[in-house]
Amino acid sequence: MAISRLPTAALSLKQFLQRQKVLGLYRNMLRTIRQVPGEGDRKYLRNWAREEFKRNKNATNQDAVRMMITQANNHLEELQTSLALAKS
């Protein structure tokens, strides 16, 4: 009898792609936070981002996850805009 190497709870293609999108968003968020000038602000934002992503780690509802991705994108754009304005 052959034993399957796949985990019992393998992700569907849609879930896998969504997971990749979330991980990319998380990395972009941390990269952008690295550009924040103040060490205290940088630490606060890094902890905030980690906690938000960690808190929603086990979300399974596709619509809720899409909404969270949209909100995170909005936060990222807002942070990038603020950093651009601060540099100019």
Donor-acceptor contacts under 3.5 Å from residues 17-31 side chains, at least two apart:
| residue | atom | partner | partner atom | Å |
| --- | --- | --- | --- | --- |
| N28 | OD1 | R31 | NH1 | 3.0 |
| N28 | ND2 | G24 | O | 3.4 |

| Taking it one step at a time, do K87 and Q35 satisfy side-chain contact (heavy atoms from CB on, under 4.5 Å)? | CA-CA 10 Å; K87 288 181 181 179; Q35 299 172 14; 3.9 Å; yes
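- Atom-to-atom distance recorded for T32:OG1 and E77:CD is 10.5 Å, nearest 0.5 angstrom.
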Per-pair distances, 0.1 Å, donor-acceptor, side chain in residues 49-59, under 3.5 Å, sequence neighbours excluded:
| residue | atom | partner | partner atom | Å |
| --- | --- | --- | --- | --- |
| E52 | OE1 | R55 | NH2 | 2.6 |
| E52 | OE2 | R55 | NH2 | 2.9 |
| N56 | ND2 | E52 | O | 3.0 |

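- Scored by the side-chain hydrogen bond (donor to acceptor under 3.5 Å, both in side chains) test, N74 finds no partners at all (sequence neighbours excluded).
- Remark: Y44 pairs with no residue by the ring pair (Phe, Tyr, Trp, His ring centres under 6.0 Å) rule, at least two apart or across chains.
- L45 pairs by the side-chain contact (heavy atoms from CB on, under 4.5 Å) definition with I33, V36, L79, not counting sequence neighbours.
- Under the side-chain contact (heavy atoms from CB on, under 4.5 Å) criterion, E78 pairs with no residue, sequence neighbours left out.
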